[in-house]
Amino acid sequence: MKFSEFVARSKETGLPLPRVILEREEEKTGVPREKLRQYIGGMLETMLEEANKKYGKRQRTLTGMTGSNGYLMRKASPKMISSFNHTAMVAALSMAESNAAMGRVVACPTAGSCGVLSGILYSLWKLENASKEELIDAFIVAGGVGWVISRNATLSGAEGGCQAEIGSATAMAAAALTYYFSRDGMKCSHAAALALKSLMGLVCDPVGGFVEVPCVKRNGIATNIAIAAAEMALAGIESVIPFDEVVEAMRRVGRSLPESLRETGKGGIAATPTARRLVEKLREKNGLAMRQ
Amino acid sequence: MSLLDVMGPVMVGPSSSHTLGSLRIARFVYKFIGGIPSRVRFVLHGSFAETWRGHGTDKALLAGIMGMSPQDERIRDAQEIAARSSLKYSFEFDDLGEVHANTVLIEAWRNGKKYRIMGSSIGGGEIRIVEINGVSCNISWEYHTLVVVIRDVPGSLERILREMSVNITNLYLRRISAVERLATAIIETDDEVPEEDRVKMRENKCVIECYYIGRD
Ligand code: SF4
């Protein structure tokens, strides 16, 4: 399954890209596409509802290493970025923190990277007044991008590093934004490629193995990368390397990452003196790890 | 992975393998034994043992054994809810041998019977139930699952299959004991197995025990 096939099919038939993607799932699972759309609409509603509930709130996360980033971001008025970015960042940080606080999230594409899509869809909803149907369409395009990645590479940090999680989420978000503003499948695939290339090689290095540091902040920052990639694609900038080939490259990079950089909490920032100290403290306080 | 798996699921965080997967293993046990046990012992292995609390694995396991769904926001209060109920529970840590890094052994007591079920969380919320009461297996719980202990005599499998009115997707048979002539049949179906089928199966002379674990 290639993303270029979706784009080509949409062009040939004149059918919108989200419809082409849904038809493919219908073929595979036998579930009628109206039903799929309804189900996806339900997930979108949960996503927006939760983002609304948690937006800019302080939260008590499992380890306490994060929990007030969404709050701080909301309190600040941005000096450089637009309010669209700012809202997306607050929502993304808040949802990633909600995940770390055992709140309800839509794990799109994974729990650890759930903030990115939530963030940009929330901005589209709040600031662009996007309709529910338009948001579902954008969400499905994001799903199509993630689906292609899951088939040809991986969405798991333990397998492919953080490029597979936050990287994929960002590519998905970039495609969703581009679809919303252009309805142009080719531009979507350029946006996804630009985003994924920017995060190629990103390692998975959670402190102590917990989905908090650096995960939460990566969600917030990634919304901006998605927005930038979408702006570039909308301006007509093309990725020299087609998206499907970028995915293949990402897969190969993931395979060559050593295990210490794939969710083991043993490499990258997880192996810094501060990280070690923090984990030691958590251990003493909470009995987080029972094995010495 | 389907499109919907990529776009979801709706779940309580923080980790699909440590939280969602562990909840599903415990929820499988809850459904297998037919309700909340009076007592339960969780033995955590490998990465489950190393990072259990930081990933909420303890809460997820407790929530699952009490039958909560993966989207239930009460999961984070599972300990308080368990404390208010009559459920007795304990967490222990042990090396369970050559198993997946995220593995838990659950021993549960209900209505005077003891059950021992081991499961692994293999990523993305997917699980494998690898042992039930000493019999090794490999149940993904992607289907409705029947676990039937039958007499290991010629024709008994055929007789129990006759009670099934729905199409069978997968079927496995494992001998438990040659001496006692017992075997375990694991039957997986796409469609729900109707109550009448299960009643007939339990009445069948070849059947010693029959457990039905409907898919979520
Ligand atoms: S660092 Fe690892 S655990 Fe954290 S978001 Fe990235 S892939 Fe997920």
Side-chain angles (χ1 to χ4, degrees), chain A residues 21-22 24-25 28-29 31 36 39-40 42-44 46-47 50 61-63 96 98-112 114 117 139-140 142-147 149-151 155-156 158-159 168 172 208-212 215 263-265 282 286-291, chain B residues 1-21 23 42-60 62-63 68-79 91-95 100-102 121-126 190:
Chain A
I21 295 168
L22 276 193
R24 185 63 178 268
E25 172 87 344
K28 289 222 174 282
T29 59
V31 183
L36 293 170
Y39 187 84
I40 290 167
M43 290 203 288
L44 175 79
T46 306
M47 190 186 260
E50 290 294 326
T61 62
L62 285 164
T63 72
S98 173
N99 179 59
M102 299 193 88
R104 191 181 1 239
V105 300
V106 179
C108 175
T110 62
C114 71
L117 251 302
F139 189 22
I140 293 171
V145 167
W147 200 15
I149 299 175
S150 79
R151 288 295 168 114
L155 294 170
S156 141
E159 271 175 60
S168 300
M172 293 162 71
F210 308 117
V211 196
E212 295 200 39
C215 319
E263 215 179 89
T264 49
L282 282 172
N286 298 328
L288 278 173
M290 299 304 287
R291 296 167 142 205
Chain B
M1 243 191 187
S2 73
L3 175 66
L4 295 186
D5 294 332
V6 171
M7 297 178 75
V10 177
M11 61 173 268
V12 159
S15 155
S16 55
S17 50
H18 287 82
T19 321
L20 177 59
L23 182 137
F42 299 103
V43 184
L44 308 180
H45 167 93
S47 152
F48 266 6
E50 274 168 37
T51 62
W52 61 305
R53 217 166 245 171
H55 277 133
T57 303
D58 51 346
K59 296 183 166 107
L62 266 178
M68 288 184 206
S69 88
Q71 313 183 4
D72 198 323
E73 279 207 281
R74 294 174 307 156
I75 295 170
R76 73 177 109 186
D77 307 320
Q79 264 123 340
F91 290 96
E92 284 158 47
F93 306 89
D94 206 351
D95 186 344
H100 188 280
N102 294 328
S121 170
I122 61 166
E126 276 187 58
D190 269 324

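In what follows, chains carry the letters A, B, and so on, assigned in the order in which the sequence lines appear, proteins first and then strands, with residues in each chain numbered from 1.
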ask   = T19(B) versus chain A, heavy atoms under 4.5 Å apart: side chain, backbone, both or neither?
value = side chain
Portion of [X] that has a non-hydrogen atom of chain B nearer than 4.5 angstrom:
X       : result
Y39(A)  : side chain
A107(A) : both
T46(A)  : side chain
M172(A) : side chain

Measuring from [X]:[atom1] to [Y]:[atom2], what's the distance to the nearest 0.5 Å?
X       : Y       : atom1 : atom2 : value
R76(B)  : L62(A)  : CZ    : CG    : 9.5 Å
S47(B)  : E263(A) : OG    : CD    : 8.5 Å
L282(A) : R53(B)  : CG    : CZ    : 12.0 Å
M102(A) : D77(B)  : CE    : CG    : 9.5 Å

remark   = One option among I75(B), L4(B), L20(B) has the most heavy-atom pairs under 4.5 Å with chain A, and it is L4(B)
note = Looking only at A101(B), S2(B), S15(B), the option with the highest number of non-hydrogen pairs under 4.5 Å against chain A is S2(B)
message = Can you list everything that forms a ring pair (Phe, Tyr, Trp, His ring centres under 6.0 Å) with F42(B)? Sequence neighbours excluded, please.
response = F91(B)
If you tally heavy-atom pairs under 4.5 Å against chain B, which of [options] wins?
options                            : result
S98(A), A142(A), G143(A)           : G143(A)
G209(A), S168(A), G265(A), C114(A) : G209(A)
T110(A), I40(A), T61(A)            : I40(A)
A111(A), A96(A), C215(A), G42(A)   : A111(A)
K28(A), E159(A), M43(A), R24(A)    : M43(A)

ask   = Is V211(A) close to H55(B) at the side-chain level, that is, under 4.5 Å between some pair of heavy atoms?
value = yes
ask   = Would you call L3(B) and L22(A) a side-chain contact if the rule is heavy atoms closer than 4.5 Å?
value = yes
ask   = Any donor-acceptor pair under 3.5 Å linking the side chain of R151(A) with the backbone of M1(B)?
value = yes
inquiry  = Using a 3.5 Å distance criterion without hydrogens, assess whether the side chain of H18(B) forms a donor-acceptor pair with backbone atoms of F210(A).
reply    = no
ask   = Who passes salt bridge (charged side-chain N to carboxylate O under 4.0 Å, His left out) against R104(A), sequence neighbours left out?
value = E50(A), E73(B)
